[in-house]
There are 2 protein chains.
Amino acid sequence: MKRDIQKQNEEKLCFELAEFFKIFSDSTRIRILNLLKRQELSVGDIAEELKMHQSAISHQLRILKQSRLVKVRREGKNSFYSLDDEHIEIILQYGIDHINERGK
Amino acid sequence: MKRDIQKQNEEKLCFELAEFFKIFSDSTRIRILNLLKRQELSVGDIAEELKMHQSAISHQLRILKQSRLVKVRREGKNSFYSLDDEHIEIILQYGIDHINERGK
DNA sequence: TGTTTATATGAATAAATGTTCATTTGTTTT
DNA sequence: AAAACAAATGAACATTTATTCATATAAACA
């Protein structure tokens with residue numbers, strides 16, 4: 001029965017892993033994270049930069065916030081978003097390395 | 001104009017990154033990779049282990065194969081799949097570490 | 001207070017993705 | 001050659017996810 005519990009935990013971890021990588025599986029979210037690597041930005045800034053509707057950006061920022069990858073700071077009418085996880089850049093860099101190496 | 005090219009490349013990379021992480025964003029694929037970490041397995045073995053239809057497994061294996069994460073070896077009527085990318089375990093481990101650390 | 005501006009949110013819609021079903025292909029066995 | 005088995009595949013279907021649209025909330029300012 002110990003084996004079953006072990007197996008269950010492993011299964012659970014697989015689902016969590018998929019959930020985790022899902023966050024990075026959308027190009028809009030990656031592009032947002034990429035912008036925030038450089039500097040804190042407002043929703044409007046991001047929307048303009050990515051040439052997308054404010055609403056679409058807001059929705060994606062919500063997902064990133066819930067995943068604790070970004071944090072918000074309200075200043076007057078603006079919401080300024082910035083990265084909130086020092087691992088993000090490492091993870092993205094890992095992906096970049098893999099893509100580059102694969103290209104060879 | 002140099003800046004524009006730079007920006008274009010960056011955009012392209014963001015799409016490629018999303019594509020890359022998308023492979024790991026499905027729990028069936030993660031569970032398959034997790035099984036293959038231990039040993040080479042046939043399609044039927046995997047289907048039985050995951051209690052899923054052979055067809056569903058085949059479809060997912062095709063995606064993993066196209067992404068060069070697994071390789072196939074045909075032996076008689078069976079197709080044996082195994083990992084084909086030494087980075088997979090590292091990437092998955094990175095995700096696991098992140099999940100564990102987040103839990104604190 | 002009423003108006004404007006920035007952001008957030010719910011619901012509708014659109015698009016992408018995964019699974020199932022039916023069938024085909026490739027291989028072994030009789 | 002026919003039957004049996006394993007895997008692959010295309011199409012239909014189901015589910016999930018992202019975007020848009022309409023509207024609400026919240027803050028600033030006239």
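Sequence lines set the chain letters: A, B, ... in the order given, protein chains first and strands last, and positions in each chain run from 1. Note that the structure is a prediction, hence the values are computed from the model and not measured.
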Trainee: Less than 3.5 Å apart, any donor N or O on the side chain of B:D97 or A:H87 sitting next to an acceptor on the other?
Mentor: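 Looking only at side-chain atoms, A:H87 and B:D97 do not form any donor-acceptor pair under 3.5 Å.
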Trainee: Rounded to whole Å, please give me the gap between NE2 in A:H59 and C1' in C:dA12.
Mentor: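 Those two atoms, NE2 and C1', are 11 Å apart.
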Trainee: I need the single residue from B:K37, B:R38, B:R31 that forms a salt bridge (Lys or Arg N to Asp or Glu O under 4.0 Å) with A:E10. Which is it?
Mentor: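 Going through the options one by one, the only one that passes is B:R38.
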Trainee: Take A:K22 and A:I57, find for each the nucleotide of DNA chain D with the closest heavy atom, and name the residue whose nucleotide sits nearer the 5' end.
Mentor: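 Whichever sits nearer the 5' end wins; that is A:K22.
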Trainee: Check whether any side-chain heavy atom of A:F80 lies under 4.5 Å from a side-chain heavy atom of A:N78, and answer yes or no.
Mentor: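 The answer is yes, as the side chains (C-beta and beyond) meet within the 4.5 Å cut-off.
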Trainee: Just by distance, with hydrogens left out, do B:K12 and B:N9 show a side-chain donor and acceptor under 3.5 Å apart?
Mentor: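 Judged by distance alone, the side chains do not pair up.
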Trainee: Give, ordered by number, those residues of residues 26-55 of chain A having at least one heavy-atom distance below 4.0 Å to an atom of DNA chain D; if nothing qualifies, reply none.
Mentor: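 Listed by number, they are A:D26, A:T28, A:R29, A:M52, A:H53, A:S55.
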Trainee: Does a nitrogen or oxygen in the side chain of B:Q60 sit under 4.0 Å from OP1 or OP2 of C:dT17?
Mentor: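 No, no such contact exists.
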Trainee: Just verifying a value: how many Å separate B:F20 CZ and A:I30 CD1, rounded to the nearest 0.5 Å?
Mentor: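 Rounded to the nearest 0.5 Å, the CZ-CD1 separation comes to 10.5 Å.
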Trainee: Which residues in residues 74-83 of chain B have a heavy atom closer than 4.0 Å to any atom of DNA chain D?
Mentor: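 Contacting residues: B:K77, B:N78, B:S79, B:Y81.
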Trainee: With a 4.5 Å cut-off on side-chain heavy atoms, are A:L64 and A:I32 touching?
Mentor: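 A:I32 reaches A:L64 side chain to side chain.
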Trainee: Relative to the ring of B:F21, is the ring of A:F24 parallel (under 30°), tilted (30 to 60°) or perpendicular (over 60°)?
Mentor: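 Plane angle between 30° and 60°, so tilted.
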Trainee: Can you give the first and last nucleotides of DNA chain D, 5' to 3', that have an atom under 4.0 Å from a heavy atom of chain B?
Mentor: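 Using the under 4.0 Å cut-off, the span is D:dC5 to D:dA11.
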Trainee: Rounded at 0.5 Å granularity, tell me how far CZ in A:R29 sits from CD1 in A:I57.
Mentor: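 Rounded to the nearest 0.5 Å, the CZ-CD1 separation comes to 11.5 Å.
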